[in-house]
Amino acid sequence: MPTIRRLSAAEARAAIPDLCEVLADCVNGGASVGFMQPYTLADAEPYWRSVAEAVADDATLLLVAEVDGKIVGTVQVGAAQMPNQPHRGDLKKLLVHRSARGRGLARLLMEMAEQEAARRGKTILVLDTATGSDAEAIYPRLGWERVGVIPDYALWPEGGLCATTFFYKRVA
Ligand SMILES: CC(C)(COP(=O)(O)OP(=O)(O)OC[C@H]1O[C@@H](n2cnc3c(N)ncnc32)[C@H](O)[C@@H]1OP(=O)(O)O)[C@@H](O)C(=O)NCCC(=O)NCCS
């Protein structure tokens, strides 16, 4: 059975090696999540260090999915920083290692992320994802509303322009 849990800053720091493995696997598997190929574990480490600091600053919620004590999935909710958006959260980096996909981990991570965000007073969550990706097909199944597509928003990790689809969900 998978375990889904929220990490403290200290737990996030300790989890960096596992989180690097998940992120590197996703990027090298073709996921457009902010980084370019080739992408190594060492490339991922500064990113996860910055996430652990954001957790320490209470600016990010970091959730992980564990199977047999090993982290194989993760998601974040970043708090919107502007004073006029205390009720908004940015859902980020839903990542499941390729070896653990198709078993409902993303659904469990998203459900807990939405609950934890709502418990902290968030009423609206926003996310964006690569148009045409596996992830784009998943969010409507989880109750997210598709807003629209921006062309040429980012690059695929192997290169080439990639459109991005924006979604939102009310969680109050
Ligand atoms: C997107 C991703 C997180 C899904 O993880 P997962 O654990 O395999 O997803 P789940 O098994 O929880 O599936 C969630 C739902 O989506 C559906 N689904 C899963 N993969 C799908 C696919 N390729 N196409 C269509 N639907 C899919 C499942 O059937 C399930 O729906 P249901 O619960 O109504 O049956 C995973 O593929 C991934 O890490 N991709 C790379 C990173 C990425 O692109 N992240 C998104 C960043 S915005």
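When a ligand or atom number is given, it counts from 1 through the structure's own listing order. These numbers come from a predicted model, not from an experiment.
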Looking at [Y] and [X], is any side-chain nitrogen of the basic one under 4.0 Å from a carboxylate oxygen of the acidic one?
X: Arg49; Y: Glu45; result: yes
X: Glu145; Y: Arg170; result: no
X: Arg119; Y: Glu114; result: no
X: Glu116; Y: Lys122; result: no

Heavy atoms under 4.0 Å from ligand 1: which residues qualify?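 Those residues closer than 4.0 Å to ligand 1 by some heavy atom are Cys26, Ala31, Val33, Leu94, Leu95, Val96, Arg101, Gly102, Arg103, Gly104, Leu105, Ala106, Arg107, Asp128, Thr129, Asp134, Ala135, Ala137, Ile138, Tyr139, Arg141.
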Ignoring hydrogens and angles, tell me if any N or O in the side chain of Gln37 forms a donor-acceptor pair with the backbone of Val27 under 3.5 Å.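 Answer holds: yes.
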If you take the centroid of each ring, where Trp contributes its six-membered ring, are Tyr139 and Phe166 closer together than 6.0 Å?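 Centroid separation for Phe166 and Tyr139: 6.0 Å or greater.
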